[in-house]
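One structure is given below, encoded as structure tokens.
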There are 2 protein chains.
Amino acid sequence: MKKDMDRMIIPKPAIVRLSTLYVLLENLEAEGKSMIYSAEIGKLLGVPSHTIRKDISFLRQAGTGNGYEITNLKNIIAEYLGFNKYKKACIVGMGRLGTVITTKNGFYSNQYAVVAGFDNNPEKIKKGRNDMDLYPMSKLKEVIDREQIKIGIITVPQSSARKVANELIDCGIKGIINFSPVLIEINREDVFIRNIFIAGEFNILSALISQYENKQTLGE
Amino acid sequence: MKKDMDRMIIPKPAIVRLSTLYVLLENLEAEGKSMIYSAEIGKLLGVPSHTIRKDISFLRQAGTGNGYEITNLKNIIAEYLGFNKYKKACIVGMGRLGTVITTKNGFYSNQYAVVAGFDNNPEKIKKGRNDMDLYPMSKLKEVIDREQIKIGIITVPQSSARKVANELIDCGIKGIINFSPVLIEINREDVFIRNIFIAGEFNILSALISQYENKQTLGE
DNA sequence: TTGATATCGTGAAAAGATTCACCGGAGTTG
DNA sequence: CAACTCCGGTGAATCTTTTCACGATATCAA
């Protein structure tokens, strides 16, 4: 029953899709649904059903041939992709955005826990409005080590984002979600950065829309 | 001097990179820098220099052979990708996240304007704390038509996200930035959705980190 | 002007991701 | 227990994207 033996490398886009699928399955499970078909998933995710089947087939252990059992599929994805390994995160920058993001109001899954918040403004770390512990920046390494945190969120202003990113990496953080509108230089293949770049999203949409329009015009 | 004639189709990932590059160039320009090399850009964006050169070469009109003039490159990208076409956006959901995102605190580029905010809670649209006009949901179509808005931001709770997305699309919106933690069904190729999915980002990082670790273990 | 150096631009090769098409197993029906 | 239908699984074909390698062009110094 070779499980780890032939664990192949999954295309990155497939990882991203499966990660999203996982959240979808969580939602469906909460709604009380128990089975789902590839075609249905595809519709919900906006991708063709064969893409879904292929993605799932990379896991090499899923279905029985007739639909997917939601809880089971969810667990297989979590296990295969290692979701259960790194559940703790910390956040640097307790301004308004940082506070909103980490408030348990449904904008982040309760599967993960943001266990520590940092800011170098003492005022910001006084307010006990959050569900997590707040610390000054000087405690960064201590807390990350103690809590074994591997994921960091950056919500500091532009000017200090890069510095903070480097500090996090030095403290052993392996994954960063960056909300600050600045690009972070990465030159280590063992650290992953997800830039959530609101200004960039506008540009991307703008470009996609007008590229689509051009295509239409050319085609006619 | 055929410009539009041989306008080729640019790979989507290249569009996304160029869109990000644009924001980088804005930053650099603001810092007073005037020239930049592909290697430098690559370092800042975390991609190899040849990828940058290739991306820029899709534009077919850029360099002189020795570095890029920042302002010029910026303008070429904007022109080619149509950034100057759709600058107006609206936002639905004036809760805390919606308010933070649209506050001019540096989290979104001043190149775009969120000109209207909607909410169906009359309380939320009373506070004059924002820089934009606020309306009840009933005015959606009227305002979108009048202002010729093509981009919409969704910051409503999970339960109504899908409904809101459909309403926006019905009103003629062509690009959506969705912050709600729910997947939106799209079955129109003329509407583009960018899901900013915080819970999903955690999963993705978690998966990338553990996939990396597996690779390391296998390789040794 | 000439040579040396640095950097871009791009066609072609390689790698990577998606789509296709068909096989086979699981339910279902009579 | 066939026969039929519906789906998932997956190798192979196709399509897309990235990487490579090298010719061409600009810059600078002497």
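The sequence lines fix the lettering, A, B, ..., with proteins before strands; numbering per chain opens at 1. Since this is a predicted model, take the numbers as computed values, not measurements.
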- Message: For D:dG8 and A:Ser38 - does any side-chain N or O of the residue sit under 4.0 Å from the phosphate oxygens OP1/OP2?
- Response: yes
- Task: Apply side-chain contact (heavy atoms from CB on, under 4.5 Å) to A:Ser206 and list each qualifying residue two or more places apart in sequence or on a separate chain.
- Result: B:Phe83, B:Tyr86, B:Tyr112
- Message: Test of understanding: with side-chain contact (heavy atoms from CB on, under 4.5 Å), list the residues that count as partners of A:Lys174, not counting sequence neighbours.
- Response: A:Lys150, A:Arg188, A:Asp190, B:Ile209
- Rounded distance (Å) that lies between atom P of C:dG16 and atom NZ of A:Lys12: 11 Å
- Kindly give the heavy-atom pair with the smallest separation between A:Phe118 and A:Cys90, and that separation in Å. CE1-CB, 3.8 Å
- Message: From CD of B:Glu69 over to P of C:dC8, roughly how many Å is that when rounded to an integer?
- Response: 14 Å
- Query: Say you draw a straight line from CG of B:Leu28 to CG of B:Leu21; how long is it, rounded to the nearest 0.5 Å?
  - Reply: 9.0 Å
- Query: Applying the side-chain contact (heavy atoms from CB on, under 4.5 Å) test to A:Ile176, which of A:Ile154, A:Ile153, A:Ile151 qualifies?
  - Reply: A:Ile154
- Tell me, please, which residues at least two apart from A:Glu40 pass side-chain contact (heavy atoms from CB on, under 4.5 Å). A:Lys33, A:Ile36, A:Tyr37
- Item | Inter-axis angle, terminal five-pair segments of the helix from C:dT1-D:dA30 to C:dG30-D:dC1 [nearest 10°] | 20°
- Round to the nearest Å and state the distance from A:Leu59 atom CG to D:dT10 atom C1'. 13 Å
- Message: Using 0.5 Å steps for rounding, measure from the CG atom of A:Asn203 to the CG atom of B:Leu18.
- Response: 10.5 Å
- Note on the structure: When rounded to whole Å, the OH to C1' distance for the pair B:Tyr68 and C:dA6 reads 13 Å
- Query: Which letters describe nucleotides 24-30 of chain C, given B = protein heavy atom under 4.0 Å from base, S = only from sugar-phosphate, - = neither?
  - Reply: --S----
- Task: With sequence neighbours left out, write down each residue that passes salt bridge (charged side-chain N to carboxylate O under 4.0 Å, His left out) with B:Asp145, or none if nothing qualifies.
- Result: B:Lys141
- Item | Qualifying residues under side-chain contact (heavy atoms from CB on, under 4.5 Å), relative to A:Thr71, sequence neighbours excluded | A:Glu29, A:Glu69, A:Asn75
Between protein and nucleotides 18-22 of chain C, what N or O pairs are separated by less than 3.5 Å?
unit_1 : atom_1 : unit_2  : atom_2 : d
C:dT18 : OP1    : A:Arg17 : NH1    : 2.9
C:dT18 : OP2    : A:Arg17 : NH2    : 2.8
C:dT19 : OP2    : A:Thr51 : OG1    : 2.7

- Message: Taking salt bridge (charged side-chain N to carboxylate O under 4.0 Å, His left out) as the definition, give me every residue that meets it alongside A:Arg194, ordered by chain and number, with sequence neighbours left out.
- Response: B:Glu201
- Query: Can you find a side chain N or O atom of B:Tyr37 that sits less than 4.0 Å from OP1 or OP2 on D:dA26?
  - Reply: no
- Message: In this structure, how many angstroms lie between the C1' atom of D:dT25 and the CD1 atom of B:Ile56, rounded?
- Response: 16 Å
- Query: Just how far, in rounded Å, is C1' of C:dA6 from CD1 of B:Ile41?
  - Reply: 16 Å
- Message: Enumerate the salt bridge (Lys or Arg N to Asp or Glu O under 4.0 Å) contacts for residues 10-19 of chain A, please, sequence neighbours excluded, ordered by first and then second residue.
- Response: A:Arg17-A:Asp55
- Task: Round to a whole Å and report the spacing from CD1 of A:Ile36 to C1' of D:dC7.
- Result: 14 Å
- Query: Whole Å only: how far is the CZ atom of B:Arg60 from the P atom of C:dC8?
  - Reply: 16 Å
